[in-house]
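Atoms within a ligand are numbered from 1 in the order they appear, just like the ligands themselves.
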Amino acid sequence: MKTESLDIKNLDLYLEKTLSIVKDYIQGISNDPVYANIERDSLNDLFEYKLPIQGTDMDSLFTDIERNVIPYCTKIGHPRFLSWIVTSPSPAGTIGEIINLVLSQAPFLYKAGPVATILEDIIITWFNEMFGYSKDGGGVLVSGGTMGTLTALTIARQAFVEDAMEEGIQNLEKPLVVYTSDIAHVSVDKAVGVIGIGSQNLRKIPTDSNYRIRIDLLSQQVEKDIKDGLKPFCVVGQVGTSITGAVDSLDQLADFCYDNELWFHVDAAFGGGAILTEQGKALMNGIERADSISTDPHKWFFIPVEAGCVLVKDRKHIYNTFKTTPELFDPEKRYDYINYGIQSTRMSRAFKIWFAFRYYGLEKLSRIIEQNLELTKYFKEKLDNNPNFEVSSPIMLSAVCFQYIPKKKLDIKEHNKLQLQLLELIEQSGVAFLAPANIGEKIVLRANFSNHRTTFEDIVILMDLMDKLVEQL
Ligand SMILES: *Cc1c(COP(=O)(O)O)cnc(C)c1O
């Protein structure tokens, strides 16, 4: 009987076409508008929702890509994309990912991806070393920071309540309580909800003038919760909050957690990359004392999305949480990744990291991160010397929150409206792309310098643009 397959005729032609799209996209990224500025409804109308029962020829598909896809992508790699903390992917990371997709390995079992398994072991070893964990450390690559927090808190829960994976936590006498600062990322709320603790048992502790968690207030809250019959179990420290980029005092938090027998998790999704610099290392003093750390290679390590990383100081806790066999943990044994996380079949996220880190070398990556920190300082100086603008919060890493200062005094609502208007004008210009941020009641603008392509010249262009745009407000 005759069979068919999904193979494509003229494959080499289409692969060449694909690579020429890749090449044009990467090489032309600085020339395109950063943001395409198209409403969702209009973009929606360019596409077809009908089920594609019959196939379409390859040439039409490529035309679609060129006409309707590429122009409306946000150009994350543009040198003046300074929004959120999604970083410009490094071309070596992209090459690594392209090859990785062809290989389509699924390293949940060694045999489903022998090299992918070894490469993940290597990447975890590298990150453990960067953050100061010993040989007992372990970890797993996940999709990003949100899954990182979820994975780490699931492991923390198991370390505290041994039969949590079997019995759940419905019969606990004392409800578990988690602590973090009041500017922590929503991923903590989500994780606490998903693992059955409930966000009402998440305490958001106020921060000091540098947006670091107030350990005195944390201590008072823990005492109160114990008195109220609850069970404090975990503190989530911050390395680079999503708004101001604040870094908690990790060494003191580690002391506090040790004294109170709490699991100490550090969310370094954004700030982790700074561990490669002297400034970052000093800010993260004590991070190696955390029980677990999450950091995102797809943020300040310039790896294309998705790539998150969870590290655990003692890897037996990872195995004890996610093991698929009744065997007891053996420190001498190397386990399949199905015993190390929530997912089973999954992509190899190690390959692109391995490829990029080896190509550039950490020395080069650290220079780029240092450069980002220099650009941040330069932008701050520009704002300080410009009567139209004011920096809104202390700067620790690469995020700068600032606001436009209108000529006459306005109430907070009007003030906020103006900031959003300016942001929209910047977006519409296509020249740069920033994000809004909330600081208390205030809405401010936020530029984040974690882009490997940004230059000092780009900051001059951005300042000139903003000076021009405020005239229109
Ligand atoms: C981005 C971020 C997260 C979430 O990471 P994703 O990769 O977006 O899921 C968590 N915490 C902080 C501080 C972040 O900046």
- So do F302 and N451 actually touch side chain to side chain, heavy atoms under 4.5 Å? no
- Message: Working note: F322 + T154, criterion side-chain contact (heavy atoms from CB on, under 4.5 Å); need CA distance, chi angles, decisive distance, verdict.
- Response: CA-CA 9 Å; F322 297 116; T154 307; 4.0 Å; yes
- Message: Under a 4.0 angstrom heavy-atom cut-off, which atoms of ligand 1 come close to G240?
- Response: 13 (C)
- Task: Report yes if some heavy atom in the side chain of F389 is under 4.5 Å from a heavy atom in the side chain of L445; otherwise report no.
- Result: no
- Any idea which part of H298 is under 4.0 Å from ligand 1, heavy-atom wise: side chain, backbone, both or neither? side chain
- Item | Flag if over 12 foreign heavy atoms under 6.0 Å of NZ, K190 | no
- Protein contact to atom 9 (O) of ligand 1 [nearest heavy atom, distance to 0.1 Å]: T146 OG1, 2.6 Å
- Go through the steps for Q221 and D225 under the test side chain to side chain donor-acceptor pair (under 3.5 Å), then give the verdict. CA-CA 6 Å; Q221 185 66 47; D225 287 331; 3.2 Å; yes
- Task: Could you tell me the residue and atom name of the protein heavy atom closest to atom 6 (P) of ligand 1, and the distance to it rounded to 0.1 Å?
- Result: G145 N, 3.2 Å
- Task: Using a 4.0 Å heavy-atom threshold (strictly under), name the region of T149 that reaches ligand 1: side chain, backbone, both or neither.
- Result: neither
- Note on the structure: Taking only non-hydrogen atoms of A269 and a 4.0 Å limit, the atoms of ligand 1 in range are 2 (C), 3 (C), 10 (C), 11 (N), 12 (C), 14 (C)
- For I85, take its heavy atoms, then give the atoms of ligand 1 lying under 4.0 Å from any of them. 15 (O)
- G144 heavy atoms, cut-off 4.0 Å: which ligand 1 atoms fall inside? 7 (O), 9 (O)
- T87 side chain vs K299 backbone, donor-acceptor pair below 3.5 Å: yes
- What are the atoms of ligand 1, with element, lying closer than 4.0 Å to any heavy atom of S187? 10 (C)
- Item | Per-residue contact class, D296 against ligand 1 - non-hydrogen pairs under 4.0 Å | side chain
- Run the numbers on E120 and R346 for salt bridge (charged side-chain N to carboxylate O under 4.0 Å, His left out), then give the verdict. CA-CA 12 Å; E120 187 144 341; R346 63 181 177 98; 3.0 Å; yes
- Going by the atom numbers of ligand 1, which of them fall below 4.0 Å from some non-hydrogen atom of F270? 15 (O)
- Query: Does the salt bridge (charged side-chain N to carboxylate O under 4.0 Å, His left out) test come out yes or no for D136 and K316, once each step is laid out?
  - Reply: CA-CA 8 Å; D136 295 334; K316 78 165 185 262; over 6 Å; no
- Nearest protein heavy-atom contact for atom 12 (C) of ligand 1: which residue, which atom, what distance? D267 OD2, 3.5 Å
- Task: Could you tell me the residue and atom name of the protein heavy atom closest to atom 15 (O) of ligand 1, and the distance to it rounded to 0.1 Å?
- Result: K299 NZ, 3.0 Å
- About how many Å separate NE2 of H265 and OG1 of T180, when rounded to the nearest 0.5 Å? 9.0 Å
- Message: Measuring only between side-chain heavy atoms, which start at C-beta, is V247 closer than 4.5 Å to R212?
- Response: no
- Note on the structure: Near S242 (heavy-atom distance under 4.0 Å), the atoms of ligand 1 are 12 (C), 13 (C), 14 (C), 15 (O)
- For atom 4 (C) of ligand 1, the closest protein heavy atom turns out to be H185 CE1, 3.3 Å
